[in-house]
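Reviewing the structure listed below.
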Amino acid sequence: MPQLNCTDFLNISELLSEEEIEVQRMARDFTEKEILPIITKHTRESTFPKELFPKMGALGFLGATLPQEYGCAGLNNVAYGLLMQELERGDSSMRSAASVQGGLVMYPIYAYGSEEQKKKWLPLLASGKKIGCFGLTEPDFGSNPAGMLSRAKKKNSHSTNSGWILNGTKMWITNGTIADVAVVWAKNEAGKINGFLVEKGMKGFSAPEMKGKFSLRASVTSELVLEEVEVPEENRLPKAEGLKAPLGCLSQARYGIAWGSLGLAMACYEAAVEYSKTRIQFDKPIGGFQLTQKKLAEMLTEITKGQLLALQLGRLKDAKKITPPQISMGKMNNCAIARKVSHVAREILGANGILDDYPVIRHMMNIESVYTYEGTHDIHTLILGEEITGIAAYK
Amino acid sequence: MKIGVLLKQTPDTETKIKIKPDGSGIDESDIKWVINPYDEYGVEEALRLKDAAGGGEVVVVTAGSKRAVDSMRQALAMGADRGIRIDTEGVSLDSYTTAVILSKAIQSENFEVLFAGKQAVDDDCVQVAQMTATALDWPCIWPAEHIELGADKKSVVVTRPVAGGIKEIMEMTLPGILCCDKGEHEPRYASLPGIMKAKSKPIAELKAADLLAGETPKVTWSGFRLPPERKAGKILKGEPEAVCAELVKLLREEAKVI
Ligand SMILES: Cc1cc2nc3c(=O)[nH]c(=O)nc-3n(C[C@H](O)[C@H](O)[C@H](O)COP(=O)(O)OP(=O)(O)OC[C@H]3O[C@@H](n4cnc5c(N)ncnc54)[C@H](O)[C@@H]3O)c2cc1C
């Protein structure tokens, strides 16, 4: 039987199809050859490796679970998760870019868009020829997007076909500055959230980059500024109304993060194992000390539990039986263990743990973003809390 | 154009080879199996040649156990159209008998060209492609670095590196065998849609024993052992003059090489 080419202590390979395993191995190969050789430079210079995007598109990495009729690969969710794992083993920036493009831009167009919108945008976004971004978060509304201030009002309130005027500011928007199209969420005059495809170059729309990040440095993060931007009705997502529309997108991306964070954890764990076998102190490899062994054993155990969690989430998602609180558990747990694993790996590498010759410090910084975006750890904890008790504690 | 690729499954080049305790062979339990890296160049060149010819078929031909199907599927995911596997379960083969069964298996296929890797990274024998060419009475170029289809589409123009950085450019009338070296084209990644399609592509199965028709290996293996471990080297430290003097002294007196 073919085997996964990654940490697989409990032999989850046995639970996977040949195609799922082949997707993992191919994606790992891509990461080794295309991402790892260039990522340190991009991290230092705080630039996004934009040139990889069309390559990822040509291989089917963007919107990989969407159907083939729109130029997508039609993967199942487990294979997609393994792809996210391998991209994030490279760098969270690359996984984020793929997550945003697939889960937060292509998915809403696919799920809430008109046939014309799908035909126009999905093939372009799938091929990586066009880049998209997702604007939900605002300066004053992060965990609580329902309070958003961005507004969409009809240009001519008497006509159903009238265009819209958008006003507002979005913040922390991945790929905002380089995006050709932004999925922007704003409230209409009735206070209902609607989604709009705001295109680069529309009058009154700008997307300045946010500088000074210590995390996800190889990813572009931006503000979206909308001042009296005129958007035609044909650019409104017709089937998206209310907060559940953007939350539906987040479910896609959060699921991917449950796998992606494992890739980050594996990269740190594997670096720590390698280092502890070769670094000699007191005449013996540091991996020979009980304290180091305890750290490694706990890392491997957490990664293994996380894999089983992610795998069952994928099977539930493929069977269309998954619930948002189940996804919350996956995002919450796997980011938390990845964060812990990256810290402990950094510890094991000693001084080398803070040097970008090794991948660990980069991952350790990246996980701070991943832990926070797509619903913070706390918010997912409270979603589970509500699921258990029936009482919402976050409001 | 009808194109064949001889593809072998070999241990990953990073594998630490272990010998069975009784010395009767290699312990395969912890080996990670991959497409022989040079054969991957063969697959890439075959797919390119098919495009250059404006269509056709790329067929992967493998002599190996059931395990090798995994590597064949990878080539199908890269874009090859179908496979032929000669099941070698229970037969022990050398280069000669491998060439016998490969040439028999492909006789009825009427390939216009066959690709192979310049060598397999497991036993490094560098014999099977040449012996297959002999059995088919075809020309064979080793190693091929750059391949172009001739204007008549019945020949190929091949660049072949020779000693001292010199290149030979040869024209070969088809059919023939090209043994690929690492050239200018990196093997492509299988695309995700390619991976999804690979499972439905057919792999025909033949039996080695049937094709051998009584032929027997020319080589027998009497035993396996690892090369003796190298002793740690000596590092001389100090001023360059003193180190040089010490080095010459050691080479003369200890190593006795000058
Ligand atoms: C690198 C990066 C990229 C991003 N990309 C995007 C993007 O592409 N699109 C997009 O729309 N957004 C994006 N975000 C925004 C992200 O989703 C938000 O940062 C996140 O939702 C948290 O919001 P906040 O930062 O405003 O924190 P806040 O909501 O202000 O939270 C601050 C702290 O308070 C805690 N907290 C808040 N409410 C509660 C409560 N009820 N109970 C207990 N604790 C609470 C939080 O857990 C957190 O610890 C990105 C963020 C980052 C860092």
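Protein chains get the first letters and strands the later ones, always in sequence-line order, with residue 1 at the start of each.
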message = Report which part of B:R73 has an atom under 4.5 Å of a heavy atom belonging to chain A: side chain, backbone, both, or neither.
response =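 Interface part for B:R73: side chain.
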Interface moiety of B:K32 toward chain A, non-hydrogen atoms closer than 4.5 Å =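 The side chain, not the backbone.
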Can you confirm whether more than 12 heavy atoms, excluding those of [X], are under 6.0 Å from its [atom1] atom?
X: A:E14; atom1: CD; value: no
X: B:K197; atom1: NZ; value: no
X: B:E14; atom1: CD; value: no
X: B:E239; atom1: CD; value: no
X: B:Y189; atom1: OH; value: yes

inquiry  = Rounded at 0.5 Å granularity, tell me how far CD in B:Q74 sits from CD in A:E22.
reply    =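 Answer rounded to 0.5 Å: 4.0 Å.
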message = Would you compute the distance between atom CG of A:N76 and atom CE of B:M196 and round it to the nearest 0.5 angstrom?
response =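 So the gap between those two atoms works out to 6.0 Å.
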task = Please look at A:Q3 and chain B and tell me whether the side chain, the backbone, both or neither of the residue comes under 4.5 angstrom of a heavy atom of that chain.
result =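 No part of A:Q3 comes within 4.5 Å of chain B.
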Proximal component of A:A27, with respect to chain B [non-hydrogen, under 4.5 Å] =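 No part of it gets close to chain B.
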query = Of all heavy-atom pairs between A:G60 and B:P193, which one has the smallest distance, and what is that distance?
reply =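 It is CA-CD, 4.4 Å.
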ask   = Can you name the one residue among B:V34, B:I195, B:D70 that meets side chain to side chain contact (heavy atoms under 4.5 Å, CB included) with A:R25?
value =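 Considering B:V34, B:I195, B:D70, a side chain to side chain contact (heavy atoms under 4.5 Å, CB included) with A:R25 is found only for B:D70.
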key: B:L192 side chain reached by A:L83 side chain, heavy atoms, under 4.5 Å   =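 Yes, close enough: below the 4.5 Å cut-off.
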request  = Among B:A77, B:G194, B:A198, B:S191, single out the residue with the greatest number of heavy-atom pairs under 4.5 Å to chain A.
outcome  =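 Going by pairs under 4.5 Å, I would pick B:S191.
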key: Interface residue of largest heavy-atom contact number with chain B, from A:K33, A:Q68, A:E18, under 4.5 Å   =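 Highest number of heavy-atom pairs under 4.5 Å: A:K33.
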